[in-house]
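Below you'll find the structure, written out as structure tokens, and then a few comments.
First the proteins, then the strands, lettered A, B, ... as listed; each starts at 1.
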Amino acid sequence: MAKRAWLMKSEPNVYGWDDLIAEKEGTWDGVRNHRASNNMRAMEVGDQVFFYHSNIGREIVGIAEITVSGITDPTDPENKWAAVKLKPVRKLDRPVTLKEIKADPTMKECELVRLSRLSVAEIRPDEWEKILLKSKS
DNA sequence: GCCAACGTTGGC
DNA sequence: GCCAACGTTGGC
């Protein structure tokens with residue numbers, strides 16, 4: 001089964017990597033953007049997710065994995081928005097900043113750079129590898 | 001159905 | 001704190 005990869009943004013002072021670690025499994029709800037919601041609908045259990053700190057830090061800090069997919073947002077009375085659950089996998093050796101990603105001309109096309117306001121973005125396999133590589137340097 | 005006004009997100 | 005980008009709302 002072809003796994004896809006994603007990037008999810010969260011403000012660390014609201015819900016950061018440490019909160020996900022503490023909870024062991026987090027529910028990603030409250031997303032009210034169609035593109036982000038569609039991305040979540042496309043997720044499958046086992047998909048890998050970069051965990052990104054927006055606003056404070058502006059960097060990818062860790063890798064998480066989808067544990068439950070295709071659920072409806074429990075905070076949505078209309079039951080029309082999607083949600084997923086995810087668990088932490090590991091912290092990156094070193095955070096990869098948005099600045100570094102933007103500085104790489106081959107990353108211009110990724111949703112993270114193109115659509116800065118999108119809170120749930122798709123990461124293509126080659127982009128995933130490039131970011132991982134940066135975290136090891 | 002168009003578009004101006006407004007609100008929100010998130011980088012800087 | 002400012003502003004650009006984007007989404008939503010509401011008047012016409």
Side-chain angles (χ1 to χ4, degrees):
Chain A
M1 150 174 49
K3 301 282 182 210
R4 296 170 80 180
W6 312 93
L7 178 140
M8 290 169 137
K9 291 184 184 178
S10 189
E11 297 195 34
N13 56 342
V14 178
Y15 188 93
W17 175 256
D18 292 339
D19 296 300
L20 183 64
I21 294 284
E23 274 200 333
K24 296 192 173 69
E25 184 181 60
T27 302
W28 217 261
D29 55 24
V31 173
R32 294 294 180 271
N33 171 281
H34 287 288
R35 186 152 189 159
S37 197
N38 284 343
N39 279 343
M40 290 209 288
R41 258 182 251 282
M43 290 177 184
E44 289 175 23
V45 172
D47 280 2
Q48 302 292 108
V49 178
F50 278 136
F51 195 101
Y52 174 86
H53 281 171
S54 62
N55 246 309
I56 301 165
R58 279 165 246 136
E59 58 194 11
I60 298 167
V61 290
I63 296 174
E65 183 180 314
I66 301 299
T67 52
V68 180
S69 67
I71 55 176
T72 51
D73 189 335
T75 69
D76 171 25
E78 308 271 307
N79 271 359
K80 50 177 194 169
W81 294 98
V84 294
K85 292 189 181 186
L86 72 170
K87 65 174 183 192
V89 175
R90 66 178 178 88
K91 229 178 161 168
L92 292 185
D93 299 338
R94 168 181 85 71
V96 177
T97 64
L98 179 66
K99 199 177 166 187
E100 288 178 74
I101 295 169
K102 282 193 162 174
D104 185 338
T106 67
M107 298 289 289
K108 285 275 188 291
E109 294 299 309
C110 72
E111 284 191 339
L112 174 66
V113 175
R114 257 188 324 118
L115 307 166
S116 68
R117 284 182 51 199
L118 187 64
S119 60
V120 182
E122 185 176 7
I123 301 279
R124 290 184 293 138
D126 59 312
E127 293 162 353
W128 180 274
E129 290 304 321
K130 269 179 237 172
I131 291 168
L132 263 194
L133 207 63
K134 288 180 205 299
S135 76
K136 286 169 182 156
S137 55

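- Residues Leu118(A) and Met43(A) do not share a hydrophobic cluster, defined by chaining ILVMFWY side chains whose heavy atoms lie under 4.5 Å apart.
- The aromatic rings of Phe51(A) and Tyr15(A) are tilted relative to each other, their planes meeting at an angle between 30° and 60°.
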Atom pairs, protein N/O to nucleotides 10-12 of chain B N/O, distance under 3.5 Å:
{"residue": "dG10(B)", "atom": "OP1", "partner": "Arg117(A)", "partner atom": "O", "Å": "3.4"}
{"residue": "dG11(B)", "atom": "OP1", "partner": "Tyr52(A)", "partner atom": "OH", "Å": "3.0"}
{"residue": "dG11(B)", "atom": "OP2", "partner": "Asn55(A)", "partner atom": "N", "Å": "3.1"}
{"residue": "dC12(B)", "atom": "OP1", "partner": "Lys102(A)", "partner atom": "NZ", "Å": "3.1"}

Exercise for review: Evaluate the criterion salt bridge (Lys or Arg N to Asp or Glu O under 4.0 Å) for residue pair Arg124(A) and Glu109(A); output intermediate values, then yes/no.
Suggested key: CA-CA 10 Å; Arg124(A) 290 184 293 138; Glu109(A) 294 299 309; over 6 Å; no

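- In terms of heavy atoms, Glu11(A) sits closest to Ser54(A) at CG-OG, 3.4 Å.
- Considering CG of Leu112(A) and CG of Leu7(A), their distance stands at 5.5 Å, rounded to 0.5 Å.
- Between the CZ atom of Arg32(A) and the C1' atom of dG7(B) there is a distance of 16 Å, rounded to whole Å.
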Restricting both atoms to N or O, compile the protein contacts to nucleotides 1-4 of chain B shorter than 3.5 Å, with distance only.
none

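- Listed by chain and number, the residues in a side-chain hydrogen bond (donor to acceptor under 3.5 Å, both in side chains) with Glu122(A) are Arg4(A) (sequence neighbours excluded).
- The two atoms that bring Asp73(A) and Asn79(A) nearest to each other are O-OD1, 4.2 Å, heavy atoms only.
- Classified by interplanar angle (parallel below 30°, tilted 30° to 60°, perpendicular above 60°), the ring pair His34(A)/Trp81(A) is tilted.
- The distance from atom CG of Leu115(A) to atom C1' of dT8(B) is 16 Å, rounded to the nearest whole Å.
- In this structure, Asn13(A) places its CG atom 14 Å from C1' of dT9(B), rounding to the nearest Å.
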